[in-house]
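Per chain, numbering begins at 1; letters A, B, ... match sequence-line order.
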Amino acid sequence: MAVVTRFAPSPTGFLHIGGARTALFNWLFTRHHGGVFRLRIEDTDRVRSTQPAIEAIIDGLSWLGVDWDDEIVYQSQRAERHAEVARQLLAAGHAYHCFATQEELAEMREAARREGRPIRYDGRWRDRDPSEAPPGVPPVIRLRAPQEGETVIQDLVQGEVRVGNEHLDDMVLLRADGTPTYMLSVVVDDHDMGITHVIRGDDHLNNAFRQAHVFLGMGWELPAFAHIPLIHGPDGSKLSKRHGALGVDAYRDMGYLPEAMRNYLLRLGWGHGDEEIIDTERAIELFDLDGVGRSPARFDMVKLTNLNGHYMREAEDGRLVDLIWPHLQALVAPHPLSEAARDLLVRAMPGLKVRAKTLVELASSAAFYVRPRPLPMDEKAAKLLDPEAKQLLRDLAPRLEGIDDWTETEAEARVRSFAEDQGKKLGKVAQPLRAALTGSTTSPGIFEVMALLGREETLARLRDAAA
RNA sequence: GACCCCAUCGUCUAGUGGUUAGGACACCGGCCUUUCACGCCGGCAACACGGGUUCGAAUCCCGUUGGGGUCGCCA
């Protein structure tokens with residue numbers, strides 16, 4: 001049977017890390033098996049669901065490179081179908097009207113809590129005749145869940161999980177206003193969409209037992225379930241905004257590459273022997289549910305950053321320049337960036353990208369190449385350019401002016417011979433030179449910088465710094 | 001509180017009855033070197049605890065502890 005999966009976020013905020021990983025696992029699993037991956041927006045909570053959130057989720061998935069098949073299903077548009085199923089369940093005796101008021105239920109829960117009893121609907125309308133209904137109370141429809149025996153879920157990640165039916169309660173399927181609840185909607189949609197594998201967060205494991213009885217009541221076949229462990233914060237507690245439960249867009253803004261994020265998320269809760277660096281093609285080839293671990297994993301920004309450094313080094317130079325362009329523009333503003341600047345940056349990328357771990361770092365380390373003179377000096381660089389160093393640079397300048405064949409090799413030869421003539425170690429000359437040319441004490445190889453900058457710009461910066 | 005899930009280096013993980021318990025990130029040394037990175041070499045570091053089962057347990061069973069999740073007319 002062909003695999004059909006779905007990612008079903010509720011649009012009440014951005015696409016956070018946990019959701020992104022759930023989407024990724026679904027997508028990888030589906031692509032691995034050559035199935036269909038669908039996107040369903042669970043916007044039945046009309047108050048909390050927003051259009052910007054829907055867009056943020058779609059943007060997040062697109063950035064991640066997770067694409068879906070078929071049109072997006074909006075759960076809110078299927079309310080009538082959901083209500084119809086509730087009525088069918090009612091007609092078949094698998095559901096019943098409950099006339100308990102919200103106040104009554106709150107009181108019931110409070111009493112249960114006080115007495116230390118399980119907090120759960122007590123089934124007070126389960127066997128009562130609707131003719132006993134109090135006047136003026138619109139009823140909800142509740143599932144008539146079994147009270148004896150046990151419910152067993154064969155979870156593809158968690159294994160066999162069983163719970164005694166006495167622990168199940170009669171959940172609300174249709175609200176008093178006639179709108180369906182999430183518990184009903186998911187089941188109906190998963191069935192109608194032909195979902196074969198429900199891969200979602202562990203927080204839904206308990207729901208699976210209850211949802212199973214909706215499937216059963218309708219005579220529908222149960223999908224396979226795979227409940228993946230949640231992602232925790234660095235301290236082991238639930239991942240919160242404080243930790244990094246940010247939207248994936250925040251990571252994009254911090255300068256992370258989507259392929260790095262994909263690799264990181266993949267390895268968080270899934271493993272394949274000793275393989276660490278796994279690109280998307282390889283991930284699709286390898287990914288399956290049996291490799292998913294059962295324990296929660298902590299989010300580790302440092303490891304993400306390391307992976308990002310790896311993928312930056314692998315990234316194509318032109319693409320990197322495109323990605324840092326907006327950052328760069330902001331850094332050199334109001335000075336505009338030219339086409340020539342772009343070419344220069346592309347050529348400079350190999351030396352730059354091995355030294356940066358994020359695009360933001362890359363942008364700031366690249367800026368000196370395209371900044372207008374006079375170059376701003378950072379504190380260490382300024383300090384380095386003492387009178388002695390300036391004199392050295394003044395003496396060096398004439399040795400460079402005569403070079404017609406301005407190459408890295410030639411520049412290196414001239415600087416080295418100059419240092420030798422001065423009786424100085426190369427570093428004594430190279431560091432002031434670096435400060436003058438880059439405004440910093442760290443940079444790519446200084447001869448590479450000279451070659452890329454060109455003779456006139458190099459000389460001009462030298463003069464600026466020696467003044 | 002009830003129910004469910006989980007437990008190997010600091011972190012992510014490999015390991016499915018017999019291994020010097022492996023890899024990666026981080027950290028600490030060293031090499032390379034004009035700086036910083038990259039790269040390479042080396043080091044530190046774990047089976048939560050207690051009982052079983054077994055000739056033998058990180059691996060199987062039970063319990064304890066710890067962590068997490070769920071108990072809405074939210075999703």
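Within 4.0 Å (heavy atoms only), A/Arg117 reaches no atom of the nucleic acid at all. Using a 4.0 Å heavy-atom distance criterion, A/Glu276 is classed as a base contact. Contact annotation for A/Ile446: base contact, defined as any heavy-atom pair under 4.0 Å involving a base atom.
Regarding contacts with the backbone of B/A26, a side-chain N or O of A/Asn306 is found under 4.0 angstrom from either OP1 or OP2. Taking side-chain N and O atoms only, A/Arg113 has no distance below 4.0 Å to OP1 or OP2 of B/G1. Residue A/Arg109 has a polar side-chain atom (N or O) positioned under 4.0 Å from OP1 or OP2 of B/G72. Between A/Arg142 and the phosphate of B/C73, there is a side-chain N or O to OP1/OP2 separation shorter than 4.0 Å.
Spacing between B/A75 and B/U70 at atom P, rounded to whole Å, works out to 15 Å. Here the separation of B/C9 from B/A14, taken at their C1' atoms, is 13 Å to the nearest Å.
Here the P atom of nucleotide B/A75 and the CG atom of A/Leu173 are 12 Å apart, to the nearest Å. Between the CD atom of A/Glu104 and the P atom of B/G72 there is a distance of 15 Å, given to the nearest Å.
The nucleotide B/C71 finds its pairing partner in B/G1, both defining distances of the Watson-Crick or G-U wobble pair being shorter than 3.5 Å. Using the Watson-Crick or G-U wobble rule with both distances under 3.5 Å, B/U64 pairs with B/A48.
Side-chain N/O atoms of A/Asp202 and base N/O atoms of B/G69 include no donor-acceptor pair closer than 3.5 Å.
When all heavy atoms are compared, the tightest approach of A/Leu437 to A/Phe368 is O-CD1, 3.7 Å.
The six-membered or imidazole ring of A/Tyr256 lies away from that of A/Tyr311, with a centre-to-centre distance of 6.0 Å or more.
Comparing B/A75, B/U35, B/C5 against the side chain of A/Gln75 picks out B/A75 as the nearest.
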